[in-house]
Amino acid sequence: MRRKHLVAIVVVIFLTWNFLMYYMLVSKNPGKLGSISVEDQLKILQGDIRHQLSHNSELLQHLQELDRKIHQTTTPVPYDANRFILPILLIACDRTTVSRSLDLLIKYRPNKNKFPIIVSQDCGHKPTADVIQRYVMEHDIKHIKHPNISDIHLPWPQKKFQGYYKLSRHYRWALNQVFHTFNHSAVVIVEDDLDISPDFYEYFSATFPILHQDPSLWCVSAWNDNGKLDMVSDDAELLYRSDFFPGLGWMMEKSTWLEIGPKWPDAFWDDWMRHPDQRRGRACIRPEICRTSTFGKKGVSKGLFYEKHLKFIKLNSKFVPFTQKDLSYLLKDKYDTYFTKLVKDTPEVTVAEAMSGHRSNMKALKILYSTKDEYKSTAKKLGIMDDFKAGVPRVAYNGVVSFMYRGQRIYLSPPPGWKGYNIKWS
Ligand SMILES: *[C@@H]1O[C@H](CO)[C@@H](O)[C@H](O)[C@H]1NC(C)=O
Ligand SMILES: *[C@@H]1O[C@H](CO)[C@@H](O)[C@H](O)[C@H]1NC(C)=O
């Protein structure tokens, strides 16, 4: 028994010594051991290089991450919330009902120095000018008049679009006034047929720092294209990112105007903004419940559309103290992680199942679409807007359209592995 023990100990010591000697030799003269063939040496070298490469690419990623963080925090000039001025630009023409818009803009305005109202009037309509002038006297608003009210010469097929051409020309001039003549650093643009919600100013004040900070955002809009009464939840706090430019009460920064102003189009400016050449992958913030609604039937584009759609839009009536809330969840990195997971974890059903109400116990359901026709047919069945602009469905973010259907949240979503919008979908 003792002898066996001793032999075992000696063997262990011998093996350990051998192992140590070998290890020291290899680590001192790597690759020089006669016993390792050239082929093996090459393999070792290859391994070393691969290791080094992966280390380098990790380092590079780390550096890029750092660079991005530095840019995120230093590129936008920090702004002083107390001294920040956010002008409201009201685009007017020949409707004396502009007073209805102005009444609400003044009623809900918390501070006239912080939110100066500029009414820009085109069309030279005297009765409308007189109405606006009353507000200049009583409420200290600014009234500017587009100096060029001449007709725009258009060849015959375009003649019927005169109104769109004039509107675009007016926008260009008015925005140049705001940013170049008055030197403001941001603007909220409304038109003369809009009502606003009580928290309209609060909403734009609170989202401005997010817009300013996140280069992947280029606007904040008051509008939800699927914001009809029965298609939104009661949660007035709910905000989203949207790849679709909604317009209808929207904010942008001067930097955006400096970029798009010089190439501003002669007509159809909103669709032009939705084109990838202008949008360049950027998103807007939009609410669940609209902060504006339109009351005008007359307008260059809104006649039929108003009767069919716009008049059913729900205007928010609850005041949400947005400036006291943390809205950083809307920043791209945080939002994308959260939203992707949210949609991924939502149970998938067919349109028929969603409509049958059999799954009404679930909070949310997901319906997939892979083709344009699938999207359109599903949208029609569920009653949401079924059109695309530059391949983007209204309100979509990363292809996903979120809305309520009979009290249940629905995500109309492309399948996993989505490659981006197809500009040919229209
Ligand atoms: C007025 O607008 C028309 C059409 O956009 C343009 O051709 C013309 O030069 C403008 N006139 C002035 C004085 O800016
Ligand atoms: C315009 O405003 C910026 C800051 O927003 C300021 O640096 C610049 O001096 C101003 N320019 C004029 C002409 O007032």
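Every number for a ligand or one of its atoms is a count from 1 in the order of the listing. These values consider heavy atoms only, across backbone and side chains, with no hydrogens, waters or symmetry-generated copies.
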Inspect the contact between K166 and D122 and indicate whether a charged nitrogen and a carboxylate oxygen are less than 4.0 angstrom apart.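 Not counted as a salt bridge, because no side-chain N and carboxylate O are separated by less than 4.0 Å.
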With respect to S120, which candidate in Q177, H170, H143 satisfies the side chain to side chain donor-acceptor pair (under 3.5 Å) definition?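 That would be H170; it is the only one of Q177, H170, H143 passing the side chain to side chain donor-acceptor pair (under 3.5 Å) with S120.
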What residues form a salt bridge (charged side-chain N to carboxylate O under 4.0 Å, His left out) with K112, not counting sequence neighbours?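 For K112 the salt bridge (charged side-chain N to carboxylate O under 4.0 Å, His left out) partners, ignoring immediate neighbours, are D140.
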Can you name the residues that form a salt bridge (charged side-chain N to carboxylate O under 4.0 Å, His left out) with K142, not counting sequence neighbours?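 If we apply the salt bridge (charged side-chain N to carboxylate O under 4.0 Å, His left out) test to K142, skipping adjacent residues, there are no hits.
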Residue pairs involving residues 380-400 (criterion ring pair (Phe, Tyr, Trp, His ring centres under 6.0 Å); sequence neighbours excluded):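 Applying ring pair (Phe, Tyr, Trp, His ring centres under 6.0 Å) to every pair that reaches into residues 380-400, excluding sequence neighbours, yields Y335-Y397, Y375-F388, F388-W425.
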Below 3.5 angstrom, do we get any N/O pair linking S185 and ligand 2?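 No; the residue has no nitrogen or oxygen that sits under 3.5 Å from a nitrogen or oxygen of the ligand.
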Would you tabulate the polar-atom pairs, meaning N/O of ligand 1 against N/O of the protein, with distances under 3.5 Å, reported to 0.1 Å?
{"unit_1": "ligand 1", "atom_1": "2 (O)", "unit_2": "N148", "atom_2": "ND2", "d": "2.3"}
{"unit_1": "ligand 1", "atom_1": "2 (O)", "unit_2": "R169", "atom_2": "NH1", "d": "2.8"}
{"unit_1": "ligand 1", "atom_1": "11 (N)", "unit_2": "N148", "atom_2": "ND2", "d": "2.8"}
{"unit_1": "ligand 1", "atom_1": "14 (O)", "unit_2": "N148", "atom_2": "ND2", "d": "3.3"}

Closest approach of T128 and Q121, non-hydrogen atoms and distance?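 In terms of heavy atoms, the two residues are closest at CB-NE2, 3.7 Å.
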